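Comments concern the structure below.
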Amino acid sequence: MIALLELKAEFGAQLQSKYSTSEIDQFFYWTVEDVLGLKRIDVSLNPKTTVEDSKYQTLSEYLQRLNNEEPIQYILGYTEFYGLDFNVNKNVLIPRPETEALVDWVINDCENLDSKTILDIGTGSGCIPVVLKKHLNHCNVYGLDISKKALEVAKANAQKHKVDIGFVECDILNSKKLPVETDIIVSNPPYVKQSEKLQMAKNVLDYEPHSALFVDDNDPLLFYKKIGELAQNNKRPTSVYFELNEFLKNDYESLIKGFDVKSFEFRKDFRGATRMLKCEF
């Protein structure tokens with residue numbers, strides 16, 4: 001058997017060439033809590049506690065996967081988003097802090113309004129509609145995705161958090177109208193250009209679903225253009241909230257000005273990058 005102190009040293013020795021010390025520490029404490037049920041304070045107070053062989057085998061497997069640069073969220077099978085735990089696997093993107101800011105914008109705008117219908121396009125893990133329904137229970141919330149496997153994850157997350165959400169399997173690019181009449185659209189669509197792959201980390205490129213990430217360099221705004229067309233043709237006045245590629249602000253502005261929008265507003269994320277857009281159709 002191995003002591004926790006020795007296990008921590010093993011994590012450091014095997015991962016130091018690929019991760020920072022703070023990342024390794026975080027991975028160690030997350031995996032120990034997941035496998036052994038021990039929190040950081042437990043490890044600090046009892047560093048000589050030994051790990052039984054079967055548990056050590058599981059932790060060794062986690063360590064090997066980390067060495068292969070697999071995201072820790074996929075290894076554990078869950079991640080936190082807006083204060084809630086969400087199941088994730090290779091069929092869905094890992095929810096990110098930038099998207100929390102987008103969700104926060106919608107909640108702040110809608111919490112004092114009468115009941116609205118909200119549609120999340122490209123729902124993935126379902127993190128956006130689940131959080132919105134949790135905070136805007138008076139609204140009808142839907143999640144749409146082209147991927148049947150992604151929708152399975154989203155449905156499981158809705159059940160996990162005991163919220164009633166309508167899920168729709170749909171290829172939005174080939175849709176002539178929205179699948180539900182809605183007042184609000186939220187979308188974090190694919191927006192990373194193929195040429196930007198070289199700037200991305202191995203853990204993203206090798207493990208996260210490319211169909212949810214990348215678009216052709218020749219038409220990087222195709223999802224925004226399509227969603228804008230559908231919003232403009234919607235029977236109701238429609239507010240659309242987008243997450244953006246921070247390097248394409250001018251392109252987004254040119255696209256939006258081509259629509260008959262009442263107003264639009266860009267917002268920056270916690271890093272000061274332009275990552276969000278709200279349009280009133």
Side-chain angles (χ1 to χ4, degrees), residues 1-100 123-127 130-131 145 147-162 197 200-214:
M1 291 194 292
I2 187 172
L4 290 172
L5 190 63
E6 296 171 299
L7 180 63
K8 190 172 188 293
E10 187 175 330
F11 266 68
Q14 292 202 31
L15 301 178
Q16 63 181 346
S17 65
K18 296 177 180 175
Y19 303 98
S20 68
T21 300
S22 61
E23 285 177 312
I24 296 169
D25 281 352
Q26 191 173 50
F27 294 157
F28 171 73
Y29 289 114
W30 279 355
T31 55
V32 164
E33 182 171 358
D34 183 69
V35 177
L36 305 178
L38 298 176
K39 295 189 178 299
R40 188 174 188 135
I41 186 65
D42 300 319
V43 177
S44 299
L45 292 175
N46 302 286
K48 294 183 179 180
T49 298
T50 55
V51 180
E52 61 183 84
D53 290 343
S54 62
K55 300 290 187 182
Y56 175 64
Q57 179 63 37
T58 301
L59 287 162
S60 295
E61 291 170 2
Y62 282 11
L63 182 54
Q64 183 57 52
R65 292 169 71 179
L66 285 167
N67 219 354
N68 292 333
E69 297 186 57
E70 183 175 351
I72 184 69
Q73 295 90 342
Y74 289 159
I75 296 171
L76 299 178
Y78 63 87
T79 192
E80 184 181 319
F81 180 82
Y82 214 87
L84 299 174
D85 280 346
F86 284 88
N87 301 337
V88 291
N89 61 31
K90 64 182 181 179
N91 297 304
V92 298
L93 289 181
I94 298 165
R96 288 168 168 79
E98 294 86 349
T99 309
E100 290 183 321
T123 200
S125 67
C127 63
V130 167
V131 170
D145 207 287
S147 168
K148 187 184 295 291
K149 291 184 177 179
L151 286 172
E152 289 173 359
V153 177
K155 289 174 183 176
N157 280 320
Q159 292 171 356
K160 179 177 184 177
H161 294 292
K162 298 179 172 60
K197 280 185 177 181
M200 302 191 75
K202 174 181 169 65
N203 62 343
V204 176
L205 284 177
D206 287 2
Y207 293 98
E208 297 201 56
H210 284 204
S211 61
L213 282 169
F214 296 108

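One is the number of the first residue; the rest follow in order along the sequence. Since this is a predicted model, take the numbers as computed values, not measurements.
Contact annotation: the side chain of Asp25 approaches that of Thr21 to within less than 4.5 Å [non-hydrogen atoms, C-beta and beyond]. Between Ile72 and Glu23 the shortest side-chain heavy-atom distance does not fall below 4.5 Å. Side-chain contact between Leu4 and Val51 is present, with at least one heavy-atom pair separated by less than 4.5 Å. Under the 4.5 Å side-chain criterion, counting only non-hydrogen atoms from C-beta, Glu10 is in contact with Gln14.
Leu59 contributes atom CG, which lies 8.5 Å from atom CG of Asp34 (distance to the nearest 0.5 angstrom). Taking CD of Glu33 as the reference point, atom CZ of Arg40 lies at 11.0 Å (rounded to 0.5 Å). Interatomic distance, CG of Leu5 versus OG1 of Thr50, reported as 12.5 Å (0.5 Å rounding). Interatomic distance, CG of Asn46 versus NZ of Lys48, reported as 11.0 Å (0.5 Å rounding). If you take CG on Leu38 and OG1 on Thr31, they are separated by 11.0 Å, rounding to the nearest 0.5 Å. Interatomic distance, OG1 of Thr49 versus CE of Met1, reported as 10.5 Å (0.5 Å rounding).
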- Determine, stepwise, if the pair Asp85 / Lys160 fulfils salt bridge (charged side-chain N to carboxylate O under 4.0 Å, His left out). CA-CA 9 Å; Asp85 280 346; Lys160 179 177 184 177; 5.3 Å; no
- Could you please spell out the steps behind the side chain to side chain contact (heavy atoms under 4.5 Å, CB included) verdict for Leu76 and Tyr62? CA-CA 8 Å; Leu76 299 178; Tyr62 282 11; 3.9 Å; yes
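Although no hydrogens or angles enter the test, the distance criterion places a donor-acceptor pair under 3.5 Å between the side chain of Asp42 and the main chain of Lys39. With hydrogens and angles ignored, the 3.5 Å screen pairs a side-chain donor or acceptor of Asn157 with a backbone N or O of Ser125. Under a 3.5 Å cut-off, the side chain of Asp145 and the backbone N or O of Gly124 do form a donor-acceptor pair. Remark: the backbone N or O of Leu66 is paired with a side-chain donor or acceptor of Tyr19 at under 3.5 angstrom. The main-chain N or O of Pro95 is never found under 3.5 Å from a side-chain atom of Thr99 such that the two would form a donor-acceptor pair.
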Identify each donor-acceptor pair in which a side-chain atom of residues 203-210 lies under 3.5 Å from a protein atom, sequence neighbours left out, and give them as a table.
residue	atom	partner	partner atom	Å
Asp206	OD2	Lys202	NZ	2.5
Tyr207	OH	Asn68	O	3.1
Glu208	OE1	Ile94	N	3.0
Glu208	OE1	Arg96	NH1	3.3
Glu208	OE2	Arg96	NH2	2.4
His210	NE2	Leu205	O	2.7

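Annotation: cation-pi pair Lys197/Phe214 present, NZ/CZ under 6.0 Å from the ring centroid and within 45° of its normal.
Gln73 approaches Val88 most closely through the heavy-atom pair O-CG2, 3.5 Å. For the pair Phe86 and Cys127, the tightest heavy-atom approach, listed with the atom from each and the gap, is CE2-CA, 3.5 Å. Heavy-atom minimum distance, Ala150 versus Ser147: N-OG, 3.0 Å.
Of the options Tyr29, Trp30, Phe28, a ring pair (Phe, Tyr, Trp, His ring centres under 6.0 Å) to Phe11 is made by Phe28 and by none of the others.
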